[in-house]
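Just so you know, ligand 1 is whichever comes first in the structure, and atom 1 is the first atom listed for that ligand.
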Amino acid sequence: VILTQPSQLITLEYDYIIIGAGTAGLVVANRLTEDTKITVLVLEAGVSDEGVVPAIAPFLATMLTPNTAYDWNYTVVPQKGMHGRTFSYPRGRLLGGSSSANYNFHQYGSAEDWDRYAKETGDPGWAWNNVKKYIKKHEKIVPSADGHDTSGQFIPSLHGSSGEVSVSLPGFNLSIDARVMATTGQLSEFPYNEDTSGGDHSLLGIGFVQSSIGKGVRSSSSTSYLANANSRPNLTVLINATVVKLLQSGTKGALKSFRSVQFSSSPDSVTMTVKARKEVILSAGTIGTTQILQLSGIGNASDLKALNIPVLVDNPAVGANLIDHVYMPNVFNAQESLDTFLRDSSRLGAAIEEWTTNKTGIIANNVANTFGFARLPSNSSIFKAVADPASGPKSPHWEMIFSNFWTCPGIARPATGKFMTIVTALISPTSRGTIKLRSTNPFDKPLIDPNYLTTEFDIVVLRESVKASKRIVAAPAWADYVISPFGRLSATSDVDIDNYIRGAASTVFHPVGTAAMSSSGSKSGVVNENLLVKGADGLRIVDASVFPFIPSVHTQGPVYLLAERASDLIKADQLYPSAERPPLDEL
Ligand SMILES: Cc1cc2nc3c(=O)[nH]c(=O)nc-3n(C[C@H](O)[C@H](O)[C@H](O)COP(=O)(O)OP(=O)(O)OC[C@H]3O[C@@H](n4cnc5c(N)ncnc54)[C@H](O)[C@@H]3O)c2cc1C
């Protein structure tokens, strides 16, 4: 049941309290309530996603953030690697969390990403060979909205057919799709990739986007995992409930227990306290989880003391190691584009009408159909100075996304002109940032500093990706389409290209790492290999914040797989304390 007021709660004690009804939180809520004896309360700060058209209509996703009631409306602190600029840092603030607000790209990471997590935690359970089985539980591949023949556009054996989240190939042909595919035959540097989900298949090359869309509508954790569990009497979801703090509820040996959760409906409302009999699970996302830990006295002691917050667990890793992908919009003047359509409210209105009636047409489609991944050449001189930070020799350094319209976040579409954008993105960043409290007020936004582009490696990769975008449009496939680079993309010297990048780059919305997992014995990290908070009892973290390195792909798929495995870990702990538990597969 989904409640809107705290007064509707019939009890203040549950087996598990999950903080955040987002991507990960709703997976865990669904899996734990499969056992009818287990009671779960999910506390969500945001609002309902029901009837929120930009959260449902895939092509309208970009209207949902930033600066709306469905966004946390964060900004980053001035970025020294980006000419001191600050900009929006969207996060979904509604049921489904960022899975209701994202751009629907759906992938799983490279096998090497997961194998690196296994190495970092000392737990082979996080290796790809083990994690990949969760695809079947999670994914339901469905026909694309236009019903076209998708053979050769994905490899069915790599996918699930009966899981929770619907995933499909493009549902509306975009004018540039055929040109992008022709490019793969014309430039040996960018071969065709038959399946872009990653895992057992290489991410390198260019292929079709797989999207969390089914029957022309978004498939989020809310419309899947929650919708499929919502009728269970043992699951309660309370929206409009912002968690302000965890309270110490006792001790277990040397550990402090955190099974009490304080929340409030608004800055002016009274706070209420709910209790977990078994565990509190933090799934508030990289920003929310970090802020809640710090408000609760779990974090860097000197930072907490500076705000007069009593230090309950001193761990400088909380809020450190913020990692994100970097978004670089490279715009070209083009012969034709969707910009004319997007400026024409009557044509756009008719398209929305078609979608409302039939769930077809461009509004049923994702914002892009084709994309790809690439590596720097292995003889790049940067590797003389820097060890390759990718998760392995088969994992990418950068990404390219093809879009036949203006896609510069924060910069309005010019009143005239036709554009094509090749977004390139830094996928293996070496810069690391921080999330810190601005104040002790839980309704104050934290200080988010991704510290983008502060290493030589990061700027080199983006510079090479910008140069590559021009090599791409020089292929014959674009001869009668691309006219010229737009604006400062015309820069040719490295210095000028770097200036152009630092002046235009922003976020790909993939923050991870501020509550990183590491092995139980390691002094680094925030959670152990079972995602239990180090130095604490009764407290687990299941969301993007626990990835110690950023996945080489769009992050929702890795979060879903993480949450599926986390659910199994939590269930196993109901049977055995972690230390004595046999391998999950033997249970
Ligand atoms: C605009 C945008 C576009 C993106 N595009 C893509 C894409 O195309 N493909 C892709 O794979 N990934 C994409 N991502 C990233 C992806 O969506 C996230 O990595 C992933 O959803 C994160 O999951 P999570 O469970 O960690 O956090 P979230 O899904 O963000 O969930 C956190 C939840 O906790 C709630 N919460 C936070 N603080 C509190 C509190 N104090 N009390 C109660 N509740 C709280 C939030 O409201 C939210 O519902 C995008 C993200 C954004 C924002």
Would you please say whether a donor-acceptor pair under 3.5 Å links the side chains of [X] and [Y]?
| X | Y | answer |
| --- | --- | --- |
| Asp324 | Tyr452 | yes |
| Thr424 | Ser469 | no |
| Ser197 | Asp195 | yes |

Quiz item: Centroid-to-centroid, Phe154 to Phe208, below 6.0 Å?
Solution: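 For Phe154 and Phe208, the ring centres are not under 6.0 Å apart.
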
Quiz item: Are the ring centres of His554 and His106 closer than 6.0 Å?
Solution: no

I'd like to check which ligand 1 atoms, numbered from 1 as shown, lie under 4.0 Å from a non-hydrogen atom of [X].
| X | result |
| --- | --- |
| Leu43 | 43 (C), 44 (N) |
| Thr242 | 41 (N), 42 (N) |
| Ile292 | 40 (C), 41 (N) |
| Leu94 | 49 (O) |
| Arg93 | 47 (O) |
| Val559 | 23 (O), 25 (O) |
| Gly22 | 29 (O), 31 (O), 33 (C), 49 (O) |
| Ala24 | 25 (O) |

Check whether any side-chain N or O of [X] sits under 3.5 Å from a backbone N or O of [Y] as a donor-acceptor pair, and report yes or no.
| X | Y | value |
| --- | --- | --- |
| Arg218 | Ser100 | yes |
| Asn228 | Ser224 | yes |
| Asn104 | Asn366 | no |

Top protein contact for [atom], by heavy-atom distance:
| atom | result |
| --- | --- |
| atom 40 (C) of ligand 1 | Val243 N, 3.7 Å |
| atom 53 (C) of ligand 1 | Pro90 O, 3.2 Å |
| atom 52 (C) of ligand 1 | Phe509 CB, 3.4 Å |

N or O pair under 3.5 Å between [X] and ligand 1:
| X | value |
| --- | --- |
| Asn102 | yes |
| Thr23 | yes |
| Thr286 | no |
| Ser545 | no |
| Ser98 | yes |
| Ala45 | yes |
| Asp543 | no |
| Phe105 | yes |
| Ala544 | yes |

Quiz item: Is it true that Asp303 and Lys436 make a salt bridge, defined as a side-chain N closer than 4.0 Å to a carboxylate O?
Solution: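 Salt bridge between Asp303 and Lys436, a charged N being under 4.0 Å from a carboxylate O: yes.
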
Quiz item: side chain to side chain donor-acceptor pair (under 3.5 Å) with Ser545: which residues, sequence neighbours excluded?
Solution: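 By the side chain to side chain donor-acceptor pair (under 3.5 Å) rule, Ser545 matches Asp543.
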
Hey, is [X] touching ligand 1 through its side chain, its backbone, both or neither, going by heavy atoms under 4.0 Å?
| X | value |
| --- | --- |
| Asn104 | backbone |
| Ser221 | neither |
| Trp72 | side chain |

Quiz item: Heavy-atom contact under 4.0 Å between Ser100 and ligand 1?
Solution: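 Contact absent.
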
Tell me which donor-acceptor pairs under 3.5 Å the side chains of residues 45-64 have, and how far apart each pair is, sequence neighbours excluded?
residue: Ser48; atom: OG; partner: Glu50; partner atom: N; Å: 3.0
residue: Asp49; atom: OD1; partner: Ser222; partner atom: OG; Å: 3.4
residue: Asp49; atom: OD2; partner: Ser222; partner atom: OG; Å: 2.8

Quiz item: Counting heavy atoms only, which of His325, His510, Gln556 comes nearest to atom 11 (O) of ligand 1?
Solution: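 Looking at heavy atoms only, Gln556 sits closest to atom 11 (O) of ligand 1.
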
Quiz prompt | Shortest reach to atom 33 (C) of ligand 1 by a heavy atom, considering only Gly25, Ser220, Ser283, Ser222 | solution = Ser283

Self-check item: Residue of the set Phe402, Trp398, Phe105 for which ring pair (Phe, Tyr, Trp, His ring centres under 6.0 Å) holds with Phe371
Solution: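 One option only clears the test, and that one is Phe105.
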
